[in-house]
Number of protein chains: 2
Amino acid sequence: MSKLSSELDQAFRAAALRPTAQRYAVLEFLAEHRVHATAEEIFDAVNRNDPRASRATVYNNLRALAKAGLVREVMSEGKAARFDANLRRHHHFICERCSAVEDISWFDLPPSAGRAALGGRNVTNYEIVFRGSCVRCRDSKSKQGAKS
Amino acid sequence: MSKLSSELDQAFRAAALRPTAQRYAVLEFLAEHRVHATAEEIFDAVNRNDPRASRATVYNNLRALAKAGLVREVMSEGKAARFDANLRRHHHFICERCSAVEDISWFDLPPSAGRAALGGRNVTNYEIVFRGSCVRCRDSKSKQGAKS
DNA sequence: TCTAAATATAGACCGTGTCTAAATTGAGCT
DNA sequence: AGCTCAATTTAGACACGGTCTATATTTAGA
């Protein structure tokens, strides 16, 4: 049994989720492809090999995995939600020209930041969303922005 | 002519947007209701009185106004985009129990923050998204979270 | 093996947003 | 004012992302 699969098994057990073939395939895809995949991309990828999974199952499992903390839904400006198995905390950068979403490695806010502005709210997490031009778009001067 | 309407007129002129009745109604609604309204809410509000505006027009104008910087689209976890005429920069707080979105008054990141992590990207803007329990949910001990 | 609960499935359905083609309106010109 | 062209508005069809439903299957555990 590979390192990855035993890790996933353990993750399932810890989260009290039944390790079904479909659920396994979804999580495996996200663990192997540390990109911000849309539900549709995950659906397609899973259905290229057995086991197949219906669209509803993919969504069910993404929600279940997110609730269990094994995956997280990434904010995205566009319409399609994106998911990410990178559980190390990180910030995000959104390119306003080509809409790419990139991970920014984690750094903490100074502990006092926003203390007053946050009032009595109980903050359990935060992330910073940066916007601007990614390296590729910055270098291409075209008004249209770089295409991938 | 009211203070608000002359301000809006001036904003239109500055942005080189024709001050049509529909466009005016959309911007006026957002200026008067500093909430995070969805396009649907704006559509409904505008169509309660003259002038009417079709759905396409509401969307066209929201996009035009956003491009002109008079309005901004607020990230939201859910599906429906939300718009905001609060042009003062602010951060956001999302309650994980009741999904409320609240504005957090602006504070800057230390100028050096993330310098290394951001690499060569050209950052033009950023915001911090905090998550946790809002004051109401924090006080209600129920597992379900407070309802409004 | 048997049972109950969790999960998977196909496909209908719904909300949000975009597109199209035609009608209207606004701004500048004479 | 009348003319002209580009910007804007409109209704409704359409596309996409995601949810729901009813049924079938699988899993865990006794």
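For clarity, every value in this text was computed on a predicted model and none was experimentally measured. Chain letters run A, B, ... following the sequence lines, proteins first, then strands; residues in each count from 1.
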Kindly assign one of parallel, tilted or perpendicular to the pair A/F29 and A/H33, based on the angle between their ring planes and the thresholds 30° and 60°.
parallel
Measuring from A/I128:CD1 to B/H91:NE2, what's the distance to the nearest 0.5 Å?
8.5 Å
C/dT18 phosphate, OP1 or OP2, under 4.0 Å from B/Y59 side-chain N/O
no
When rounded to whole Å, the CG to C1' distance for the pair B/L65 and D/dT8 reads 13 Å
Would you mind telling me which of D/dT10, C/dT16, D/dG18 lies closest to the side-chain atoms of A/A39?
D/dG18
Taken to the nearest whole Å, CZ/A/F12 to C1'/C/dT7 is 12 Å
Closer than 4.0 Å, any side-chain N/O of A/N60 to the OP1 or OP2 of D/dG18?
no
How many whole angstroms separate atom CZ of A/R63 from atom P of D/dT19?
5 Å
side-chain N/O B/R23 vs D/dT8 OP1/OP2, d < 4.0 Å
yes
Between B/R82 and B/A21, who's closer to the 5' end of DNA chain C by nearest nucleotide?
B/R82
A/L17 has an atom CG; how far is it from atom P of D/dA28, in whole Å?
12 Å
Options C/dT7, C/dT16, C/dA8, nucleotide nearest the side-chain atoms of B/E40:
C/dT16
Counting heavy atoms from C-beta on, name the nucleotide in C/dT9, D/dT10, C/dG17 closest to the side chain of B/A53.
D/dT10
Using the closest heavy atom to pick a nucleotide of DNA chain C for each, name whichever of A/A56 or A/R18 lands nearer the 5' end.
A/R18
Rounded to whole Å, please give me the gap between OH in B/Y24 and P in D/dT9.
15 Å
Cation-pi, A/Y126 ring and A/R89 (6.0 angstrom, 45 degrees):
yes
Indicate yes or no: at least one non-hydrogen side-chain atom of B/R121 is less than 4.5 angstrom from one of A/E102.
yes
How close or far is atom C1' of D/dT27 from atom CG of A/D9, stated in whole angstroms?
14 Å
Would you please confirm or rule out a distance under 4.0 Å between OP1 or OP2 of C/dA8 and any side-chain N or O of A/T20?
yes
Joint cluster assignment, A/F130 & B/F130, ILVMFWY side-chain distance < 4.5 Å:
yes
Does the A/R55 side chain pair with the main chain of A/F43, one donor and one acceptor, at a distance under 3.5 Å?
no
Rounding to a whole Å, what distance do you find between B/L62:CG and C/dG17:P?
9 Å
Considering only heavy atoms and no angle criterion, is a donor-acceptor pair shorter than 3.5 Å present between the side chain of B/R55 and the base of C/dG17?
yes
Should B/Q22 be listed as having a side-chain N or O under 4.0 Å from OP1 or OP2 of D/dT10?
yes
Any strand is fair game: report the nucleotide pairing with D/dT23 by Watson-Crick or G-U wobble, both distances under 3.5 Å, or none.
C/dA8
Given D/dT8, is OP1 or OP2 found less than 4.0 Å from the side-chain N or O atoms of B/T57?
no
Length of the CZ-P vector between B/F43 and C/dG17, whole Å
13 Å
